[in-house]
Amino acid sequence: MAAIDALSCFAEHLPRKPYCTDDLIAGLQIRPLKTALQRAYIQPNGPGMVCKDR
């Protein structure tokens with residue numbers, strides 16, 4: 001799988017409002033996906049998430 005395919009698959013399966021942050025010491029915040037994609041850290045699994053694509 002190419003790197004671009006993996007990144008697009010990752011972004012495609014993120015929750016609409018994931019927890020994210022640029023500084024883990026400051027803590028995580030819930031943000032809209034567009035904003036979260038600009039952060040250094042994103043929690044990819046939302047509550048109750050189950051993915052069986054592969």
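Count residues from 1 along the sequence. Computed from heavy atoms alone, side chains included, the values below leave out hydrogens, waters and symmetry copies.
Annotation for L14 and P44: closest pair CD2-CA, 3.5 Å, computed over non-hydrogen atoms.
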Only distances under 3.5 Å count here; give the side-chain donor-acceptor pairs of residues 17-32 to other protein atoms, sequence neighbours excluded, each with its distance to 0.1 Å.
unit_1, atom_1, unit_2, atom_2, d
T21, OG1, D23, N, 3.0
T21, OG1, D23, O, 2.9
T21, OG1, G27, O, 3.0
D22, OD1, A40, N, 2.8
D23, OD1, I25, N, 3.2
Q29, OE1, R31, NH2, 3.0

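For residues 33-44, no pair satisfies side chain to side chain donor-acceptor pair (under 3.5 Å), with sequence neighbours left out.
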